[in-house]
Amino acid sequence: MEETPYISPNRVIQLLAVGLGLVIFTFGALLFLPFFEPIAWAIILALFFYPIHRRLVRLLKGSRGLSALIMCILNIAFIIIPVFILLGSLTSEVIRVYTGVQHTIQSGNFTIIPDEERYPRLHGYVSKAIDALEKQDKSLHQTIVELSKRTGEFFLKQGTAVAKNIVNIIFKAALMLVTLYYIFRDGEEFLAAFKAILPLKQKNVDHLALVTAEVLYATLYGNLLTAAIQGGLGVFILWILGFSAPILWGMVMGIATFIPMVGTAVVWLPATLYLFFAGAYLKGVILLSFSILVISQIDYFLRPYFISGKTELHSLFLFFSILGGLNLFGFLGLILGPIIIALCMSVLEFYRQDLLGRYETFP
């Protein structure tokens, strides 16, 4: 007769304790999950402004509470209020453009061919291109109309979503500020406690913390700050030259900075060609010169300055980590995507060195 395997009472108690712990932590995670976004933004802003907070604490003779309060007020004045103003302006601009396109389509006057009297040369170029394409595809005009309609509907959906959820956005902003205050005040203790419970060697914990800090620095300053500057410069030059919806196109230009090789040229190059074909040669020269000599040069001077000596992801990994982050977390993914990929690479590095014993360096 086969004997039943013996399981010691201590083993049973351990398994029950682990199971109970998993259940408790699952419910704990579910409690915080609805507030993941404001908490994550608070952590990011705290890390972004931590050098200023540290200097302020020294000036205030070690008063971290007062420094945290001042930092929250500064974030309201220079981050939250400008973001709300920008969102409002962008929403109005998107709705205005969408309404105009819809009115033109419904009236039956929609055409992508410029007016012959105002832009004779551009009219000729576009007409020839359309005629050549229509020989290949008879439904080209309908396709362009449908594409314009869907694009407009997408931007309108994003804009109206912001307008409808304004109360929810304000609530999340308030939660973020409360979290931000306590992170500024007690963040060092939180970090020390978190490091203490990680099931890793101390050197690996320190390395993970260093990698996370460096990737955050490179992402926040080297990527997001330069993208914001390039987008702002794009808004400025497009507004000066009289383009319609400069805020919308400037934001597209800022997002396009993350596209490898192409970057902001995805906006300013077609805009420059449009001006030249339309006969606005002076405006075309101004836009081309400003884009090449000012906007594009930020990638070569400002971005390397911020990420020099820091952990920099390969451009291909950065591009897909941002796309994946945006898909998974929304705008928050611009920052979380690169951080998650960097941490994955760090874990693989631990595996390579600690488990496989391979210490080769790679260029």
Side-chain angles (χ1 to χ4, degrees), residues 18 21-22 25-26 28-30 32-48 50 179 183 187-188 190-228 254-263 299 303-304 306-363:
V18 170
L22 289 174
F25 278 107
T26 299
L30 291 175
F32 281 90
L33 194 58
F35 313 108
F36 171 77
E37 192 174 355
I39 292 173
W41 277 118
I43 294 172
I44 290 167
L45 287 175
L47 291 169
F48 188 83
Y50 182 75
T179 308
I183 291 176
E188 293 181 5
F190 292 160
L191 182 60
F194 178 71
K195 284 183 176 181
I197 62 173
L198 288 177
L200 298 171
K201 297 178 182 177
Q202 187 60 43
K203 66 173 186 177
N204 290 341
V205 172
D206 293 339
H207 180 71
L208 270 180
L210 179 63
V211 167
T212 304
E214 289 184 342
V215 171
L216 266 174
Y217 188 96
T219 302
L220 289 172
Y221 292 96
N223 294 312
L224 289 186
L225 186 57
T226 53
I255 295 173
T257 60
F258 298 104
I259 302 176
M261 296 182 291
V262 180
D299 276 329
R303 195 192 301 264
F306 283 125
I307 64 178
S308 177
K310 303 297 179 182
T311 299
E312 182 184 4
L313 292 177
H314 190 278
S315 298
L316 184 64
F317 290 149
L318 177 64
F319 177 62
F320 282 108
S321 67
I322 288 173
L323 287 182
L326 286 171
N327 181 58
L328 193 60
F329 301 108
F331 186 68
L332 187 61
L334 282 173
I335 300 170
L336 291 187
I339 291 174
I340 291 172
I341 292 298
L343 291 177
C344 288
M345 295 176 70
S346 295
V347 171
L348 289 175
E349 188 68 11
F350 295 156
Y351 168 77
R352 185 177 72 90
Q353 292 187 4
D354 292 357
L355 297 181
L356 300 181
R358 298 172 182 172
Y359 302 94
E360 301 93 340
T361 58
F362 302 97

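One is the number of the first residue; the rest follow in order along the sequence.
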Quick one: [atom1] on [X] to [atom2] on [Y], what's the gap to the nearest 0.5 Å?
| X | Y | atom1 | atom2 | answer |
| --- | --- | --- | --- | --- |
| I322 | I335 | CD1 | CD1 | 10.0 Å |
| I183 | Y50 | CD1 | OH | 12.5 Å |
| F35 | L33 | CZ | CG | 10.0 Å |
| L336 | I341 | CG | CD1 | 11.5 Å |
| L45 | T179 | CG | OG1 | 11.0 Å |

**Study point:** P338 versus G333, closest heavy-atom pair with distance
**Key:** CD-O, 3.8 Å
Check your understanding: Would you find more than 12 non-hydrogen atoms of other residues, nucleotides or ligands less than 6.0 Å from F194 atom CZ?
Key ->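 For F194, atom CZ is not crowded (no more than 12 foreign heavy atoms under 6.0 Å).
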